[in-house]
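The structure under discussion appears below in the form of structure tokens.
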Amino acid sequence: QINYIDWESPIIQSRRCYEVCQERGLPVVIMEPVKGGTLVKLPDPVADILRAAEPGAPLASWALRFAGSLPNVIAVLSGMNTPEMVAENAAIMRDGVPLTPAEYEVIEAARDALAALPGVPCTDCRYCVKGCPEGVHINTIMQSLNIYDQMGDAYRAQENYNWNTGDGKASACIQCGACIHSCPFGAVGSKTFMVDVINMINAGKKVVAMVAPATEGQFGADITMASWKTALKKVGFADMVEVALGGDMTAAAEAAEWAEAYKEGKKMTTSCCPAFVNMIKQHFPQLLDNMSTTVSPMCAVSRMLKEKDPETVTVFIGPCIAKKSETLDLNIKDNADYAMTFGEIRAMMRAKDVELEPEENTYQEGSVFGKRFGNAGGVTAAVVECFKEMNEDITPNVMKCNGAAECKKALLLMKVGKLPADFVEGMACVGGCVGGPSKHKTELEAKKARDLLIGQADDREVHANLKNLGVDQVAMHRH
């Protein structure tokens, strides 16, 4: 495949393929000289360069002459749909006029103009595909976007997507965000709510930050929840709440739900990881009845805040990207309005010259069990603790799934009726929330500081904590 657009492409490598043939003395037959018709339907800024250099010449002539001017080319194969195309292409090649040095410069200018158009900087390295638990062909999706955005060719973009994504269609995405930090070129991103949050703060709205349990330990042993509260208030947030409190709320509600299911012999899954929830909805819809109806800790805290003041704007902060998809689910009443990653909130801090500074580890709203919600197995530990507090004689067999692959295996077993466990704890990220794609440190790097900070927390019980804080009556059903 040789054409002037793909000549230097790191994906197609037209030049290198041609050079290999030259090195071995092989004759060359060229395919795709007009790139499936793309080079005769160029965007105006690119086409204008070619038309100005040779008014009246068909755009196809530049593509066909580029291919035909290469030494040792014995045939140039171009798809043609009408007799007029055949006549035009035959006339161009019959004359066989090689490109001049000046014309090569024109083509280079056209190629540069095309490269300058907005596009996704995807190099087809496929690291995103390797990182995707659902095998979505993200690279092909990016190529299709570029065909549409840069070439304006909707038909070819759709054709490229349909033919080359196979089973890895975009609809298989569970929005876990693993692809984003798998890409070494920054070609994959997530929807950001930074501007929305800034606008809310500037408009004088009561904007409250809700900081994830996975936060503790991410920035060292001296950066406490009190450190975060101080910094976020300096940025402009009205207040901050520890989502570990929401972990307690979710654990208490889920324990009651699990206890009832256990007595009925019904198998259940957790529902606090949005990527796991998306996996069930999209790939195992027959198991929706087995999914807990309890809202996530993020939603629990948001409901608590909105119950006190319906005008409150709630913003989740943590290492999770899937939380952004959860905030967009309008079926969940009073959920968080926005979700932000550590990187996004730190960008806001830098803009306001705010730093996270060491403070005493005295600010605590959640129990140790709520704080551990961010670790793989943390939900199970919190629910088991609630069983004890409820005097329920239940020792559940829980399949604790650490990562999307284990989640998928458990759901497959449940689907075919061969799950040996009573319950499934699903965490799409390895390590749990602390292993989220937008983490600041890896789970192991943060472990020592995290264990130290959580180890300094008091030993309050889950139910007692909720009652003391007056949040034990907040509605916890998903819909």
- Task: Using side chain to side chain donor-acceptor pair (under 3.5 Å) as the criterion, point out the one residue from Glu254, Glu257, Arg478 that pairs with Thr293.
- Result: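 So the option named by the test is Glu257.
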- Please say which of Glu344, Gln175, Lys324 ends up in a side chain to side chain donor-acceptor pair (under 3.5 Å) with Ser190. Lys324
- Step-by-step side-chain hydrogen bond (donor to acceptor under 3.5 Å, both in side chains) determination, Thr269 to Asn290: CA-CA 6 Å; Thr269 77; Asn290 299 92; over 6 Å; no
- Query: Cation over ring, Lys169 on Tyr161, under 6.0 Å and within 45°?
  - Reply: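 The answer is yes, since Lys169 meets both limits relative to Tyr161.
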- Message: Has Ser69 got a side-chain atom pairing as donor or acceptor with Leu99's backbone, closer than 3.5 angstrom?
- Response: yes
Indicate every side-chain donor-acceptor pair of residues 426-434 with a distance under 3.5 Å to a residue at least two apart or in another chain.
none

Shortest non-hydrogen separation from [X] to [Y] and the atoms involved:
X      : Y      : answer
Glu134 : Ala172 : CG-O, 3.4 Å
Pro437 : Gly177 : CB-O, 3.5 Å
Ala446 : Gln218 : CB-NE2, 3.9 Å

Results of ring pair (Phe, Tyr, Trp, His ring centres under 6.0 Å) for [X] - residues two or more places apart only:
X      : answer
Phe423 : Trp258
Tyr18  : Trp7
Tyr127 : none

Which atom pairs, one a donor and one an acceptor, fall under 3.5 Å between side chains of residues 108-119 and the rest of the protein, sequence neighbours left out?
residue	atom	partner	partner atom	Å
Arg111	NH1	Tyr4	O	2.8

- Item | Partner residues of Asp167 under the salt bridge (charged side-chain N to carboxylate O under 4.0 Å, His left out) criterion, sequence neighbours left out |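 By the salt bridge (charged side-chain N to carboxylate O under 4.0 Å, His left out) rule, Asp167 matches no residue at all.
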- Decide if atom NZ of Lys409 counts as having more than 12 heavy atoms of other residues, nucleotides or ligands within a radius under 6.0 Å. no
- Within 6.0 Å of NZ in Lys441, more than 12 heavy atoms from elsewhere: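 Count over threshold, so yes.
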